[in-house]
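Take a look at the structure below.
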Amino acid sequence: MRTATLGPAERAESLAGMAERELDVLVVGAGVVGAGTALDSATRGLSTGLVEARDWASGTSSRSSKLIHGGLRYLEMLDFALVREALKERGLLLERLAPHLVKPVPFLYPLQHKGWERLYAGSGVALYDAMSMARGHGRGLPTHRHLSRHHALRVAPALKKDALVGALQYYDAQMDDARYVATLVRTAAAYGAKVANRARVTGFLREGERVVGARVQDVEGGGEYEIRAKQVVNATGVWTDDTQAMVGERGQFHVRASKGIHLVVPKDRINSSTGLILRTEKSVLFVIPWGRHWIIGTTDTDWDLDKAHPAASSADIDYLLEHVNSVLAVPLTRDDVQGVYAGLRPLLAGESDATSKLSREHTVAHPVPGLVVVAGGKYTTYRVMAKDAVDEAVHGLDQRVADCVTEDVPLLGAEGYRALWNARARTAQRTGLHVVRVEHLLNRYGALAEELLDLIADNPSLGEPLPAAEDYLKAEIVYAASHEGARHLDDVLTRRTRISIETFDRGTRSAREAAELMAPVLGWDKDHIEREVEHYEKRVEAERESQRQPDDLTADAARLGAPDIVPL
């Protein structure tokens, strides 16, 4: 199948095309659920539009723990249906839909009590594996194993000797969440969906009580479009209540935001060949392998301040360091922290006062004719949420519509990935790139890596690493702007790549060169490059300042010190 290029020209064409004739389905919000809904709708043969006020995955869907998992802790809550559903999705993503983006990851669970804890925790992990295998989607992962204390310390020498009496090791999966969403959007576009980021819904079009479309402002160009659609799907996550307010109707449910923060530290700060999962008084704490880094998270606290830029406070950072240091022989300090990011979980309100007890199950509703709302859920089950949202929208369409087929629709880059992986040494020889660079591209783009290799063939300088962020090639920066819809420097350094959290300078030393690589694609002059770099530096400084503040209120105020978008 053809791939979709999401450059500036394609964005303009999409916006004009959406306004030209009535769509079957317009999806509002391009996080993982909105992007998944657009793909589901397009692959059923429906004319589909997708609009996003900021960038793909700029909210919750780029700030998760980056895990695709069944939710081991939900077994303890006896939520078997949710775990079964999530394990099936985990298997589909690993084996069929996105093997280039979703990878196995091992976790060690230290045991602190002899006898009963091994029996109790071991039974849970055994059930987890059995449920996965029973659905035929667990073959891609090894099963769990019991370790003695001696063996566990060999696998994870970083642990204090007195922090465990033994351990369990099991497997889940992980992905780069923002990259996954960008690939989802491109896949939807390849199947005919019209997609546009930096396109904000300012209101809904009504005929009587029926919603018949949306007014959309082009945040970049300043124009306004009336996009008509037979059904509109509100997939705006933590913004669900705000979007619903534009309809003037009381929603059937409310979404509550829970903040989770994560720390990124260099790989050499924790001597371990496996991830860790630790119990805390409220939830669980993960130490997740992430390339040449570890991700440590997460917290779980109520948040009712700025949704666009949830801020991590000094207290949040101390909380994570204190808990992870309780088991590490060599404790981490603030100086070890390369990056910090905070995200908001969209939880369905009304079930419990504690956000950590709120359900991760999703809800779909049709509050007024022509408008479907989908909310809640977890990243792993986005495809099921998208299916349910489109099923609901189909009820309002006066036509026969095919059933969901996304269980059998691989994302762009999946087809041919394994064959290219097997031939990676030959590709390295052909292109002159080191085999490690070829592996890096294959694990980020799958078969689409060939498009980046073509860029490098045309301009060999793009095969060089980006200064001060040497894990990434210059070609990736150009490709983000030309093919993946990146409109600003911030989009590239924080989401298309992870330079903003993987370097101690948070991307400021790479910013100018990255902006200069994007400039020819996006038509920027020298003044615009200066504005992009200055805006990015202010954003980083505002985040650093927020992380020095003692609490949420002061951290939020500090983070809001940087403007949200580059002024034109």
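Start at 1 with the first residue, then count along the sequence. FYI, side chains are in, hydrogens and waters are out, and symmetry mates aren't considered; it's all heavy atoms of this structure.
- In Arg292, the CZ atom is not crowded: 12 or fewer heavy atoms of neighbouring residues, nucleotides or ligands sit closer than 6.0 Å.
- For the residue pair Ser65 / Thr298, no side-chain donor-acceptor distance below 3.5 Å is found, with atom types taken as modelled.
- Under the side chain to side chain donor-acceptor pair (under 3.5 Å) rule, Arg44 has a single partner from Asp403, Asp391, Asp24, Thr406, which is Asp391.
- Of all heavy-atom pairs spanning Ala30 and Glu52, the tightest one is N-OE1, 2.8 Å.
- With rounding to the nearest 0.5 angstrom, the CG atom of Leu15 is 13.5 Å from the CZ atom of Arg198.
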Task: Leu26 and Met18: CA distance, side-chain angles, deciding distance, side-chain contact (heavy atoms from CB on, under 4.5 Å) verdict - done: CA-CA 9 Å; Leu26 173 65; Met18 283 188 256; 4.2 Å; yes
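- Checking side-chain atoms of Ser500 against main-chain N and O of Arg506 turns up no donor-acceptor pair under 3.5 Å.
- Between the side chain of Ser64 and the backbone N or O of Lys66 there is at least one donor-acceptor pair closer than 3.5 Å.
- Each of Arg179, Arg495, Arg444 was compared with Glu484 under the salt bridge (Lys or Arg N to Asp or Glu O under 4.0 Å) criterion, and only Arg179 meets it.
- The shortest non-hydrogen separation linking Pro289 to Val105 is CD-CG2, 3.6 Å.
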Task: Verdict with supporting geometry, Asp218 and Arg11, salt bridge (charged side-chain N to carboxylate O under 4.0 Å, His left out) - done: CA-CA 10 Å; Asp218 178 357; Arg11 177 181 175 277; 2.6 Å; yes
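- Although no hydrogens or angles enter the test, the distance criterion places no donor-acceptor pair under 3.5 Å between the side chain of Glu450 and the main chain of Ala447.
- Arg215 is not listed as a side-chain neighbour of Tyr225, based on a closest heavy-atom distance of 4.5 Å or more.
- Aromatic ring centres of His440 and Tyr472: separated by under 6.0 Å.
- Side-chain N or O atoms of Asp491 include one that pairs as donor or acceptor with a backbone N or O of His488 at under 3.5 Å.
- Summarising the geometry of Pro104 relative to Tyr171, their closest heavy-atom pair is CB-CD2, 4.3 Å, with the distance given to 0.1 Å.
- Scanning all heavy atoms of the two residues, the minimum distance from Val340 to Ala312 falls at CG1-CB, 3.6 Å.
- In plain terms, the two heavy atoms of Leu489 and Trp524 that are nearest each other are N-CH2, 4.0 Å.
- Every salt bridge (charged side-chain N to carboxylate O under 4.0 Å, His left out) that Glu530 has, sequence neighbours left out, goes to Arg512.
- Nearest heavy-atom pair, Val181 versus Ala35, reported as atom, atom and distance to 0.1 Å: CG1-CB, 4.1 Å.
- When atom types are taken as modelled, the side chain of Arg437 and the backbone of Pro465 share no donor-acceptor pair closer than 3.5 angstrom.
- To the nearest 0.5 angstrom, Asp176 atom CG is 9.0 Å from Thr183 atom OG1.
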- [ ] With side-chain contact (heavy atoms from CB on, under 4.5 Å) as the test, would you mind laying out the steps for Asn197 and Arg487 before giving the verdict?
- [x] CA-CA 9 Å; Asn197 54 358; Arg487 303 285 304 166; 3.9 Å; yes
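- Side-chain contact between His483 and Leu6 is absent, with no heavy-atom pair separated by less than 4.5 Å.
- Looking at heavy atoms from C-beta onward, Arg430 lies in side-chain contact with Thr427 at the 4.5 angstrom threshold.
- With hydrogens and angles left out, the side-chain atoms of Glu451 and Tyr445 include no donor and acceptor closer than 3.5 Å.
- Salt bridge Asp490/Arg54: absent, no basic N to carboxylate O contact under 4.0 Å.
- Asp172 contributes atom CG, which lies 9.5 Å from atom CD1 of Ile68 (distance to the nearest 0.5 angstrom).
- Geometrically, Arg418 does not engage Trp421 in a cation-pi contact, judged by NZ or CZ lying under 6.0 Å from the ring centre and within 45° of the ring axis.
- Looking only at side-chain heavy atoms (C-beta outward), Lys474 and Asn459 stay at 4.5 Å or farther from each other.
- In this structure, Val28 and Arg200 have side chains that are not in contact, with every pair of non-hydrogen atoms separated by 4.5 Å or more.
- Looking at Glu476, its side chain does come within 3.5 Å of a backbone N or O of Leu473 through a donor-acceptor pair.
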Task: CA sep, side-chain torsions, deciding dist, call: Ile456, Thr431, side-chain contact (heavy atoms from CB on, under 4.5 Å) - done: CA-CA 9 Å; Ile456 293 167; Thr431 60; over 6 Å; no
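- From Arg496, atom CZ reaches atom CD1 of Ile499 across 12.5 Å, with rounding to the nearest 0.5 Å.
- When only modelled atom types and interatomic distance are considered, Asp40 and Tyr191 share no side-chain donor-acceptor pair under 3.5 Å.
- Side-chain atoms of Leu92 and Glu407, non-hydrogen and from C-beta on, do get closer than 4.5 Å to each other.
- Atom OG in Ser61 sits 11.5 Å away from atom CG in Asp55 (nearest 0.5 Å).
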- [ ] Begin with the C-alpha distance, continue with both residues' side-chain angles, and end with the deciding distance and a verdict on salt bridge (charged side-chain N to carboxylate O under 4.0 Å, His left out) for Asp336 and Arg269.
- [x] CA-CA 7 Å; Asp336 296 317; Arg269 301 306 196 270; 2.9 Å; yes
- [ ] Apply side-chain contact (heavy atoms from CB on, under 4.5 Å) to Ile529 and Asp525, showing your working.
- [x] CA-CA 6 Å; Ile529 291 171; Asp525 59 18; over 6 Å; no
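- Glu502 and Trp290 share a donor-acceptor pair across their side chains, judged by distance under 3.5 Å alone.
- Using modelled atom types, one side-chain atom of Lys259 and one backbone atom of Ala311 make a donor-acceptor pair closer than 3.5 Å.
- Inter-residue side-chain proximity for Tyr341 and Thr494 is flagged as unmet; no heavy-atom pair is nearer than 4.5 Å.
- In this structure, Asp306 contributes its side chain and Pro310 its backbone to no donor-acceptor pair below 3.5 Å.
- For CD of Glu464, the number of neighbouring non-hydrogen atoms (other residues, nucleotides, ligands) closer than 6.0 Å is greater than 12.
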TODO: Carefully, step by step, assess Asp388 and Arg383 under the rule salt bridge (charged side-chain N to carboxylate O under 4.0 Å, His left out).
DONE: CA-CA 9 Å; Asp388 291 349; Arg383 195 192 62 80; over 6 Å; no
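- Taking CD1 from Ile477 and CG from Leu455, the interatomic distance works out to 12.0 Å, rounded to the nearest 0.5 Å.
- The closest donor-acceptor contact from the side chain of His535 to the backbone of Pro563 lies under 3.5 Å.
- Under 4.0 Å is where a charged nitrogen must lie from a carboxylate oxygen, and between Asp556 and Lys307 no such pair does.
- A donor-acceptor contact closer than 3.5 angstrom is absent between the side chains of Ser546 and Arg559.
- Close placement of the Tyr382 and Tyr180 rings is indicated, their centers lying within 6.0 Å of each other.
- With hydrogens and angles ignored, the 3.5 Å screen pairs no side-chain donor or acceptor of Thr187 with any backbone N or O of Leu411.
- Here the side chains of Leu462 and Leu517 are in contact, with some heavy-atom distance below 4.5 Å.
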